[in-house]
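One structure below.
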There are 2 protein chains.
Amino acid sequence: MKDKKGQGMKRLSLKDVAQMAGVAPSTVSFVLNGKARQMRISDELAEKVQAVVKKTGYQPHSVAVNLRTGQSKTLGLMVESISGSFFAALARVIESEADRYGYNIVYCSTENNAQKGTELIRMLNRQQVDGFLITPAAGMEKDIEQLLAHKRPVVLMDSYFPEVAVPYVLIDNYGGVRQGMKHLLGKGYSKIGFITVDMELVQIQQRFQGYRDALKEENIPFRNKQVLKISYNSPRDEAVKAIQDFITANKGVEALFFSTNYLGILGLESIAGLGLRMPDDVAVICFDDHDIFRLYPPGITVVQQPVEEIAKTAISLLMHQLDKGARVTRKSQVQIPGKFIKRGSA
Amino acid sequence: MKDKKGQGMKRLSLKDVAQMAGVAPSTVSFVLNGKARQMRISDELAEKVQAVVKKTGYQPHSVAVNLRTGQSKTLGLMVESISGSFFAALARVIESEADRYGYNIVYCSTENNAQKGTELIRMLNRQQVDGFLITPAAGMEKDIEQLLAHKRPVVLMDSYFPEVAVPYVLIDNYGGVRQGMKHLLGKGYSKIGFITVDMELVQIQQRFQGYRDALKEENIPFRNKQVLKISYNSPRDEAVKAIQDFITANKGVEALFFSTNYLGILGLESIAGLGLRMPDDVAVICFDDHDIFRLYPPGITVVQQPVEEIAKTAISLLMHQLDKGARVTRKSQVQIPGKFIKRGSA
DNA sequence: CATGCTTGCAAAATCGATTTAGCTAAAGGA
DNA sequence: TCCTTTAGCTAAATCGATTTTGCAAGCATG
């Protein structure tokens with residue numbers, strides 16, 4: 001407690017430690033970085049240094065380390081919007097995983113705006129992040145390509161660009177929909193509507209393909225009017241209206257498959273507004289879980305994203321790039337099966 | 001496009017710019033930092049430097065700047081858990097506000113664990129953050145005091161410690177409950193249950209006080225059995241069970257006031273489990289909004305946190321400390337009124 | 001006995017900026 | 001004429017680490 005008074009109290013530097021131990025700064029550095037052996041520092045001296053370090057509680061100045069080594073020990077995490085529950089959950093796991101490897105996270109969100117994404121990448125570069133974890137918005141191909149061209153470690157999550165050779169981790173979108181469809185078809189439903197969003201991202205396409213193939217396998221004809229594509233930017237009430245019109249227009253539709261949780265939530269509103277009951281009037285399955293779906297009566301059946309696995313895999317891929325400079329192979333493009341969770345709605 | 005090839009391509013440094021402009025590094029620095037006048041750099045030279053900077057797109061190496069100036073232009077944001085919706089929303093606004101002042105955010109979450117909080121503060125200090133934005137967990141008084149003692153800029157959010165003189169911003173908890181109670185009492189309910197959590201934080205106490213005072217003002221006797229305190233750590237199903245027991249034990253209870261959104265959600269489960277209907281069998285109001293409450297039929301009436309105002313105020317207070325070294329006054333302890341939102345449940 | 005090779009550590013260069021001190025030439029004053 | 005100012009820059013110190021190079025003493029070798 002004796003050295004805490006006074007406001008001047010400068011932070012202890014490596015130099016100070018060296019002085020106190022009666023050795024050169026370089027010696028302290030070697031000892032602290034486990035290079036004592038390699039640099040032939042005698043055990044005696046090494047111990048003396050360690051003692052001083054322990055006594056003073058010295059901690060290296062990370063900014064200085066960063067400047068010298070060029071490693072910030074910081075990763076940039078860019079999500080669509082941190083207030084989305086999937087992304088929030090992702091961020092949480094990623095943070096703790098990164099910590100295990102000694103990395104910090106700088107987080108930012110694109111709000112699904114490619115231009116903002118571009119700016120944020122610039123910002124993260126200024127911050128000298130060592131690697132990027134990105135859930136890309138449509139239109140960010142160029143940015144990703146540029147990162148690759150500069151050999152910056154990147155891992156995409158949640159989506160990717162088929163034409164860009166980049167490591168990614170995401171749920172098996174196609175397989176997830178197939179799981180859900182299998183359940184519906186198994187229950188004897190054949191008039192199944194598919195409600196999706198008007199976006200160019202692969203995962204959306206793959207979900208749609210899962211729907212088509214599932215029908216085809218059962219020899220159920222695909223009808224275009226049983227598919228609704230909602231524009232990403234359409235306001236809440238318009239979207240609800242569109243879904244309601246879709247349901248009434250498709251007289252006799254037995255089940256609805258929503259391709260994102262955002263759509264599913266809109267779907268709940270729409271269905272409630274029409275006074276329909278799940279699953280009797282209409283069965284419902286949604287891709288991607290949400291807190292609401294657990295609670296909303298009678299509970300919404302979903303295909304859940306394996307958030308934890310996605311996060312862990314992503315970090316692990318990134319770490320590989322970071323210390324091995326690994327190239328992009330098929331092994332670094334991972335699809336993880338989703339988890340089908342049966343609740344009351346289907 | 002001509003200088004992007006090759007993987008060596010080192011980043012442009014101030015020195016390089018100086019060389020290209022045919023001046024000394026210091027001159028470039030002066031020009032870039034607006035000290036050209038002060039340092040009597042001729043307009044001619046200044047323009048030459050500016051031209052080179054613009055042409056090359058030079059951007060200062062922030063780590064080097066940080067090391068030299070001691071300013072990281074980074075703020076530490078510590079929330080209870082980023083996967084909570086209130087915190088996620090907060091993080092979002094704070095991020096964009098901070099950006100307007102040229103600051104980045106390093107975010108982390110305590111998971112409501114004071115010990116983890118202590119560690120994280122150490123981590124943020126190692127990272128040289130310029131200031132702290134914290135939603136404190138119970139038991140973090142010591143940590144906050146230490147930050148103050150070291151004259152580190154801090155603003156608390158969501159909660160605070162009455163015995164520690166520290167700037168904070170939060171919703172007017174007492175007033176918020178009063179608003180909600182006024183609504184219930186105005187509708188003629190008098191048997192109102194209050195369900196809260198077993199935590200030592202002031203905001204919880206104040207909400208409880210709001211409940212008691214509201215009753216007192218209407219001359220309705222306070223009954224201890226109409227209050228349920230759920231332990232923070234009790235598992236989900238136990239808590240639901242407790243709430244259900246509470247409801248059945250309080251025969252004739254007309255309305256329930258949940259003191260946090262977490263409890264409210266448990267409440268919905270409990271009420272649904274008992275087969276009760278809102279608001280006829282039991283009216284419900286919850287402190288703090290949640291996505292679910294908008295959608296869950298018939299919509300849950302809530303007192304909503306003014307997230308945006310809280311975030312903006314917090315940043316503004318922090319900026320004040322950062323450039324003025326402002327002391328803690330009553331002006332830096334802010335309570336912002338909540339917003340009462342009437343939905344179907346009460 | 002001169003030369004070479006370890007050993008054990010210290011000195012100095014470096015990362016990329018900011019900031020203080022210094023230097024030269026022109027101008028002003030006695 | 002000589003000394004002091006002032007203008008206009010540049011050189012050098014500094015932030016706090018890491019890493020390369022240097023250097024003296026001890027030992028072996030031919």
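The shown structure was predicted, so the numbers you read here are calculated from the model rather than taken from an experiment. Residue numbering restarts at 1 for every chain, and letters A, B, ... go by the order of the sequence lines. Only heavy atoms go into these numbers, but all of them, side chains included; no hydrogens, no water, no symmetry mates.
If you check residues 119-129 of chain B against DNA chain C, you find no residue with a heavy atom closer than 4.0 Å. Listed by residue number, there are no residues of residues 46-55 of chain A with a heavy-atom contact under 4.0 Å to DNA chain D.
A salt bridge does not link A/Lys116 with A/Glu119: every distance from a Lys NZ or Arg NE/NH1/NH2 to an Asp or Glu carboxylate oxygen is 4.0 Å or more. Electrostatic pairing of A/Arg122 and A/Asp143 does not count as a salt bridge here, judged by no charged N lying under 4.0 Å from a carboxylate O.
B/Lys48 NZ: 12 or fewer foreign heavy atoms inside a 6.0 Å radius. Residue-environment remark: CD (A/Glu163) exceeds the threshold of 12 foreign heavy atoms within 6.0 Å. The environment of CD in A/Gln115 is sparse: at most 12 heavy-atom neighbours from other residues, nucleotides or ligands sit within 6.0 Å. Annotation: B/Met39, atom CE; neighbour count of heavy atoms from other residues, nucleotides and ligands within 6.0 Å is above 12.
Every residue two or more places apart in sequence or in another chain that forms a side-chain contact (heavy atoms from CB on, under 4.5 Å) with B/Gln59 is listed here: A/Arg126. Applying the salt bridge (charged side-chain N to carboxylate O under 4.0 Å, His left out) rule to A/Arg68 yields no partners; only residues at least two apart in sequence or on another chain are considered. With sequence neighbours excluded, the residues satisfying salt bridge (charged side-chain N to carboxylate O under 4.0 Å, His left out) with B/Arg92 are A/Glu111. Considering only residues two or more places apart in sequence or on other chains, B/Glu47 meets the salt bridge (charged side-chain N to carboxylate O under 4.0 Å, His left out) condition with none of them. Partners of A/Glu80 under the salt bridge (charged side-chain N to carboxylate O under 4.0 Å, His left out) rule, at least two apart in sequence or in another chain, do not exist in this structure.
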Checklist line | Nucleic acid footprint by protein, nucleotides 14-23 of chain C - heavy-atom cut-off 4.0 Å, B for base, S for sugar-phosphate alone | finding: BBBBBBB---
With the criterion being N/O to N/O and under 3.5 Å, what pairs connect the protein with nucleotides 23-26 of chain D, and how long is each?
none

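Donor-acceptor pairing under 3.5 Å is lacking for the side chains of B/Glu95 and B/Tyr107.
With rounding to the nearest 0.5 angstrom, the CD1 atom of B/Ile315 is 5.0 Å from the CG atom of B/Leu133.
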For residues 21-32 of chain A, which side-chain donor-acceptor pairs fall under 3.5 Å, sequence neighbours excluded?
| unit_1 | atom_1 | unit_2 | atom_2 | d |
| --- | --- | --- | --- | --- |
| A/Ser29 | OG | A/Asn33 | ND2 | 3.4 |

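In this entry the distance linking CD1 of A/Ile41 with C1' of C/dA10 reads 9 Å, nearest Å. Nucleotide C/dT7 holds its C1' atom 13 Å from the CG atom of A/Asp43, rounded to whole Å.
Each side chain to side chain donor-acceptor pair (under 3.5 Å) pair with one or both residues in residues 127-141 of chain B, not counting sequence neighbours, appears once here: A/Arg11-B/Gln128, A/His61-B/Gln128, A/Asn104-B/Gln127, B/Ser72-B/Asp130.
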Next item on the list: Would you sketch DNA chain D in dot-bracket for me? Only Watson-Crick or G-U wobble pairs with both distances under 3.5 Å count, crossing pairs as [ ], other-strand pairs as |, the rest as dots.
Entry: ||||||||||||||||||||||||||||||
